[in-house]
Structure formats: C-alpha cells, structure tokens
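This structure is a prediction, so every number in the text was calculated from the model and none was measured.
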Amino acid sequence: RDSATMTGIPKALGHGAAGYLMKKEIDYFAKVLDNPKAPVVAIVGGAKVSDKIQLLENMLPRINKLLIGGAMAYTFLKAIGKDIGSSRCEDFIENKKTGEKKDV
C-alpha cells in the first residue's frame with residue numbers, strides 16, 4: 001500500500017528494510033502453510049474477491065475448510081445463484097496472475 005511508512009520513508013532514505021517482527025510473522029506463516037497440523041480452517045473476509053483470488057487459489061490445496069465472510073461472501077452467493085438483494089458484490093472476478101475474468 002502506498003503510505004508514508006511503506007513507501008515514503010524508503011523513498012526518502014533510498015531503501016527499505018523489514019524488521020524483526022516481519023521476520024517473526026514470515027517464519028510463523030511459513031510453518032503454518034508448509035507443514036500445518038490438520039484440520040486446517042482458513043477464515044477469509046473483506047469486500048473484494050478479486051483482491052484475494054490468488055490467495056484463495058494458493059490456499060485451497062493446503063486447507064480442509066474455507067470460511068468466507070464479509071461482503072465478499074455475497075459475490076460467492078450470487079455466483080451460485082442465491083438472491084443477495086441489494087448487497088454489495090462484484091460483477092466479475094479477475095485472476096490478477098493470469099488476467100482471466102469470470103462473470104458472477
């Protein structure tokens with residue numbers, strides 16, 4: 001994300017660096033994603049499926065259950081033919097890795 005701490009300071013200093021907390025987070029996620037103890041349940045939420053589609057595709061082979069909440073659930077409900085009324089939803093889902101678009 002473009003913010004002062006993510007891009008402004010590194011631009012002013014000429015470089016960026018990750019700290020010890022980021023290393024700890026990466027090590028934890030690597031352990032959980034590379035060799036998880038079953039069963040593994042992923043909980044994903046937010047508004048836009050298109051922002052998370054690559055994450056979802058990468059997670060599916062590694063997890064036993066996927067729980068989808070937040071506004072993005074409406075996109076999936078609409079895709080399987082459920083009435084979502086005036087709830088917010090995406091009209092199509094784009095895989096940013098392949099550029100493939102699927103209508104909802």
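The hydrophobic cluster containing Leu21, built from Ile/Leu/Val/Met/Phe/Trp/Tyr side-chain heavy atoms closer than 4.5 Å, comprises no other residue. Using a 4.5 Å cut-off between side-chain heavy atoms of Ile, Leu, Val, Met, Phe, Trp and Tyr, Ile26 falls into a hydrophobic cluster with Met22.
No path of Ile, Leu, Val, Met, Phe, Trp and Tyr side chains, each step under 4.5 Å between heavy atoms, connects Ile43 with Leu60, placing them in separate hydrophobic clusters. No single ILVMFWY cluster, assembled from side-chain heavy atoms under 4.5 Å apart, contains both Leu67 and Leu56. Hydrophobic clustering, with ILVMFWY side chains joined whenever heavy atoms are under 4.5 angstrom apart, groups Leu55 together with Ile53.
Residues Glu90 and Ala47 share a closest heavy-atom pair of OE1-O, 4.4 Å.
Every pair passing side-chain hydrogen bond (donor to acceptor under 3.5 Å, both in side chains) that includes a residue from residues 10-26 is listed here, sequence neighbours excluded: Lys23-Asp27.
With sequence neighbours excluded, the residues forming a side-chain contact (heavy atoms from CB on, under 4.5 Å) with Ile84 are Tyr74, Leu77, Lys78, Ser87, Cys89, listed by chain and number. Residues passing the side-chain contact (heavy atoms from CB on, under 4.5 Å) test with Val40, sequence neighbours excluded: Pro36, Ile63, Asn64.
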